[in-house]
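Everything numeric in this text was worked out from a predicted model, so none of it was measured. First listed ligand is number 1; within each ligand, the first listed atom is number 1.
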Amino acid sequence: MTDAPTYSGPERILSGMQPTGNLHLGNYLGALVNWVKLQDRGAECFYCAVDMHAITMPNDPGALPGAVRSVAAAYMAGGVDPKRSSIFAQSAVPAHAELAWILQCVARLGWMERMTQFKDKTGSDRERASVGIFTYPVLMAADILVYKATHVPVGQDQKQHLELTRDIAARFMRDYDCAGFWPMPDPIIEGAGTRIMSLKDGSKKMSKSDPSDLSRINLTDDADTIVRKIKKAKTDPEPLPDSVEGLKGRPEADNLVGIFAALNGATKEAVIAEFGGQGFGAFKPALADLAVAKLAPVVDEYNRLMGDPTDIDRILQAGAERAREVAAPVLAEAKRMAGFWG
Ligand code: TRP
């Protein structure tokens, strides 16, 4: 007996963010910084704005195209280079939706019912949730598999969706007897900044849906606003500990040290080595200076890009063309295996 063929195609990177509201420091340090680094890996990168996912929740259709532009500008301001990476809107590549249908018939209801994000998002109001919010992870699987992506940089909260993607790919290959057609995509979850927490509550993730703007630093905040938000960030009365272990049970201190480390591309150990024993009166101004120094160029570049939407639209157009080119043969093959006409 010979071994079943395994995937032998090129490495490809894919990720996406929802175009809802402004990006914040958590998106930047937790995701974008990784996306930018991955461009040096030599693999082709696809970074999309997932506007089809955005309509799974109540949203304003009039604001959606602008939100796609804004998120694309944020990708570029953060360092995604459109010459090396395809930047595009998910809805501009119909292959995502077409493959998602096939994959919906591969995924089992039982698998979907285990998805914790669906439960978190719908809460007790499940009856009124859209069907789209339930099948959301299958569309995400299609986003990934339609490019045969091998690596997917995501936050910790998306790990379960990546596991589902692998289950769907494996089941498809078994049902349609096509071992090796898809890679088993690997999540890339790394970096000190993977989990940036709220500035007001160290146990909650920094989020664009938090009602308090003081809880997050937006990529559109000017220097004064950044300084003010760090000054007002919640802390405890103790000075910083002498070792990283001392941050345990001090979520706000841990978060600020983590932000400092991530902004500096350093470890928490290095931050503690410099600031251990000092109070927040000394640490916060240093953090504010660093945040302004690192973020100001990003904010300036974002504002410059947003000043010329035609340029962004051109990049989105070119990115979608390249994405369609790569997705087309994968979709065609999946349709053929499913037995579709034509
Ligand atoms: N669900 C992801 C999030 O909320 C966004 C997303 C959609 C995504 N499709 C994707 C991420 C494909 C990685 C790959 O963050």
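- Residues F172 and W182 bring their aromatic ring centres within 6.0 Å.
- The closest protein non-hydrogen atom to atom 4 (O) of ligand 1 is Y136 OH, 3.1 Å.
- Residues I133 and M57 form a side-chain contact, since some pair of their non-hydrogen atoms from C-beta on lies under 4.5 Å apart.
- A salt bridge (Lys or Arg N to Asp or Glu O under 4.0 Å) check over residues 166-188, counting only residues at least two apart or in different chains, returns the pairs R166-D186, R171-D175.
- Proximity of a side-chain donor or acceptor of N264 to a complementary backbone N or O of A266 within less than 3.5 Å is not detected.
- Between H161 and F118, the gap from one ring centroid to the other reaches at least 6.0 Å.
- Y28 places no side-chain N or O within 3.5 Å of a backbone atom of L23 that could act as its donor or acceptor partner.
- With respect to atom 9 (N) of ligand 1, the closest heavy atom belonging to the protein is D143 OD2, 2.7 Å.
- Heavy-atom contacts of V50 reach the following atoms of ligand 1: 7 (C), 9 (N) (cutoff under 4.0 Å).
- When hydrogens are left out, the protein atom nearest atom 14 (C) of ligand 1 is L14 CD2, 3.5 Å; that is the closest non-hydrogen contact.
- Ligand 1 places these atoms under 4.0 Å from at least one heavy atom of V152: 13 (C), 14 (C).
- Checked against the 6.0 Å centroid criterion, the rings of F260 and F283 qualify as a close aromatic pair.
- Judged by the shortest distance from any of its heavy atoms, H53 lies inside the 4.0 Å radius around the atoms of ligand 1.
- The shortest N/O to N/O separation between Q158 and ligand 1 falls below 3.5 Å.
- Of all protein heavy atoms, the one lying nearest to atom 6 (C) of ligand 1 is G16 O, 3.8 Å.
- The distance from ligand 1 to the heavy atoms of V154 drops below 4.0 Å at these ligand atoms: 11 (C), 13 (C).
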